[in-house]
Colleague: 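Right, I'll just put the structure down here and ask away after.
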Number of protein chains: 2
Amino acid sequence: MEAEGGSEPTTTRAPTIYDVAEAAGVAASTVSRTFARPGRVNSQTAERVRAAAAAIGYRANPVAQALSTARTRMIAVLVSDLANPIYAELLRGAQVAASAAGYGVLVEDTREDAVVERETAERILPMVEGVLLASSRMSDAAIRSIAKQRPVVVINRGLADVPCVVADEQRGTRRAVEHLGEAGHRDLVYVAGPDASWPNGARWRAFSDACHELDLAGRRIGPFEPTFAGGFEAALALGGARASGVLVFNALMAVGVIRGLQQAGLRVPEDVSVVGFDDVLIGQIVSPALTTVSTPLQAMGATGLRNLLAVVNGARSRGEPVVVPARLLPRESSGTARQPA
Amino acid sequence: MEAEGGSEPTTTRAPTIYDVAEAAGVAASTVSRTFARPGRVNSQTAERVRAAAAAIGYRANPVAQALSTARTRMIAVLVSDLANPIYAELLRGAQVAASAAGYGVLVEDTREDAVVERETAERILPMVEGVLLASSRMSDAAIRSIAKQRPVVVINRGLADVPCVVADEQRGTRRAVEHLGEAGHRDLVYVAGPDASWPNGARWRAFSDACHELDLAGRRIGPFEPTFAGGFEAALALGGARASGVLVFNALMAVGVIRGLQQAGLRVPEDVSVVGFDDVLIGQIVSPALTTVSTPLQAMGATGLRNLLAVVNGARSRGEPVVVPARLLPRESSGTARQPA
DNA sequence: CAACTTCTGGCAACCGGTTGTCCCCCACCG
DNA sequence: CGGTGGGGGACAACCGGTTGCCAGAAGTTG
């Protein structure tokens, strides 16, 4: 806070178009156009300007550009929890896609809290050209209100009138239930994640429908925190139940469930089969390896971001959500049901 | 890219201080000061201005503020690989700390590439007030060149003249080697990560020194990719060796090593003890659970960011790096050495 | 050779705040 | 009652680009 001593190297102000203009013997507007409107300027002049710019080390000030063009070349990406690898993957996909388009990504971790998310969004809104909401916990109304102010794309959530990128939860879940049914499991449990999570609702509905159609008993427990600890806790709650097949909201929880069950003296998959969602490293490492419904997270992040940029650049989005496929990866955590006692 | 149809809702321009000024019957400068210099303005007037602002829904344009104050209230955070949970943790700590200070975080994933990192840094430099480099792969010279342009704080790397936040690699590594030595392991191997990684060098040196002092045989293999796959690969390379104790550059690799060894028919820890670095979930989940040198990643991210903001706000950094403690968490992947055959 | 286009550079306004400076007005003082 | 001081509002310059408009130059056409 204290003012610095007098020995500062007098931070030489960064060169501006005016400096370049002077060096090249032209007007500032010509310098600006040299970079912003190539073609508008005579190629000889342009060459002189570029040489002068290079000589004095000119680089355009993005803030000034943003002010006059109203384009900040930044996108906000809101995720619920960076410690969850699925968001890290989504973010990564989005970041790389943004970078490729010359955009920067402002991340915000909303800590699974709709209020924090809302406030965060409103706060950074004026700074960005668009917002990518990954697994938003906000209400539909809140999302629409944001979408009224800036282009928005939503990942992992279906929402009319707002462009979405979602996995085929219906089909993925269905496959998981079929998988368990085919292995002879007749008593299924869905371990739920946060109520505010859209995929959680979609998975539960699809689970419920599939159980009904396939004539299986399907119930639900939860909600639990969408973390390893949450899954572990769920496993204990599961203890007494007669479930032989368990479908878990996400991979972190599923791993927690497996560990919790093992802790309780049950074997996976011999006693209980566990199927999760999301294909993340931890699911491959855990023993037994997690049977899971996999969605292309990085691609979803990248697609979401690209679609967002398209809207930012004036594309009219056709109302339909972008649906990416989800497929079942059978691994070791699921197997044949024990003969009913 | 196509221009939109004529039915646009004519996006009503956001209100500016001029609109507020008119509504409140004062000059624009008074509006500006009402928010930027409370106290400079008469409290009655201020109240009127605030009321007018609220009435028409005024919110300051951060871009304009940034242009005139040269403060963007944004910090760049560069990480090598978002898919690595340690960066997700660091980022999370940094993001939360930034948010608390009213700053935004621009993330960039540099994909473990020094060139990408350098270019990325230069590109976003004019947009941010400071740069937080997490596990930079750049040369010292490149980092210093960036530090000349903007305040920089480096995490996971020691570097004279640039503020750093590092873990006590020396001590942590020493503890790991002692741990293995005490368990009777006499042939130790260090599985190296990227050459460009500073912690990799620090760990190898500390390992080497500790082996020397404790009279243990210590060699090194690598470099390998700092990923699960890299560790797995290393395990194969390790196959022939007579190592009984292995220290691995990071947790992801360590887990890969464990799996690779198991694949090769070796038992961990009965045949080989494995110790890693970083305490991340996956190390707790893997079986056997990973014995590891733990560093407070989130805290390092937060501290790094706070120190960066301090420098941005004029603090003179005392030259010493901030060293946070590293401690050994003995778990299941390390145990007593077999009796030498 | 006059009239008209096209090309290209410069001028100045503008984006939306911030801030140095001036000045008016009121209070306080002797 | 005149002089002094300071509180507080307004004016205008400025941050660093962008861009509409204009005008002079050069090229085209009949």
Colleague: Find out whether A:Thr72 and A:Met127 are in side-chain contact, i.e. whether some heavy atom of one side chain is under 4.5 Å from a heavy atom of the other.
Modeller: no
Colleague: Can you check the B:Arg48 CZ to D:dA10 C1' distance for me, whole Å?
Modeller: 14 Å
Colleague: Counting only side-chain N and O atoms of B:Ser68, is one of them less than 4.0 Å from OP1 or OP2 of D:dC14?
Modeller: no
Colleague: Counting only heavy atoms from other residues, nucleotides and ligands, does the tally under 6.0 Å from CD of B:Glu22 exceed 12?
Modeller: no
Colleague: Can you find a donor-acceptor pair, distance only, under 3.5 Å between B:Tyr18 side chain and C:dG17 base?
Modeller: yes
Colleague: Sort and list the pairs that fulfil ring pair (Phe, Tyr, Trp, His ring centres under 6.0 Å) and have at least one residue in residues 47-95 of chain A, not counting sequence neighbours.
Modeller: A:Phe35-A:Tyr58
Colleague: For A:Arg37 and A:Ser32, which I'm curious about, is there any donor-acceptor pair between the side chains at under 3.5 Å?
Modeller: no
Colleague: OP1 or OP2 of C:dG17 sitting under 4.0 Å from any side-chain N/O of B:Tyr58?
Modeller: yes
Colleague: Between B:Arg73 (side chain only) and B:Gly102 (backbone N and O only), is there a donor and an acceptor less than 3.5 Å apart?
Modeller: yes
Colleague: Rounded to whole angstrom units, what separation is found between the CG atom of B:Leu67 and the P atom of C:dT18?
Modeller: 11 Å
Colleague: Check the distance between D:dG16's P and B:Asn61's CG and give it to me in whole angstrom.
Modeller: 17 Å
Colleague: Show each protein N/O and nucleotides 5-9 of chain D N/O combination with a separation under 3.5 Å, one pair to a line.
Modeller:
from: D:dG8; atom 1: OP1; to: B:Asn42; atom 2: ND2; distance (Å): 3.4
from: D:dG9; atom 1: OP1; to: B:Thr45; atom 2: OG1; distance (Å): 2.2
from: D:dG9; atom 1: OP2; to: B:Asn42; atom 2: N; distance (Å): 3.3
from: D:dG9; atom 1: N7; to: B:Arg40; atom 2: NH1; distance (Å): 3.3
from: D:dG9; atom 1: O6; to: B:Arg40; atom 2: NH2; distance (Å): 2.8

Colleague: Give a yes/no answer on whether the side chain of B:Gln65 brings an N or O atom under 4.0 Å of OP1 or OP2 in C:dG16.
Modeller: no
Colleague: In whole Å, what is the span from the CZ atom of A:Arg59 to the P atom of D:dG17?
Modeller: 12 Å
Colleague: Could you tell me whether A:Thr16 contacts a base, only the sugar-phosphate backbone, or nothing, with contacts defined as non-hydrogen atoms closer than 4.0 Å?
Modeller: sugar-phosphate
Colleague: Identify, between A:Thr69 and B:Thr69, the residue whose nearest nucleotide on DNA chain C lies closer to the 5' end.
Modeller: A:Thr69
Colleague: When the distance from CZ of B:Arg13 to P of C:dC15 is rounded to whole Å, what number comes out?
Modeller: 7 Å
Colleague: State which residues pass side-chain hydrogen bond (donor to acceptor under 3.5 Å, both in side chains) with A:Glu129; sequence neighbours excluded, sorted by chain then number.
Modeller: A:Arg71, A:Tyr103
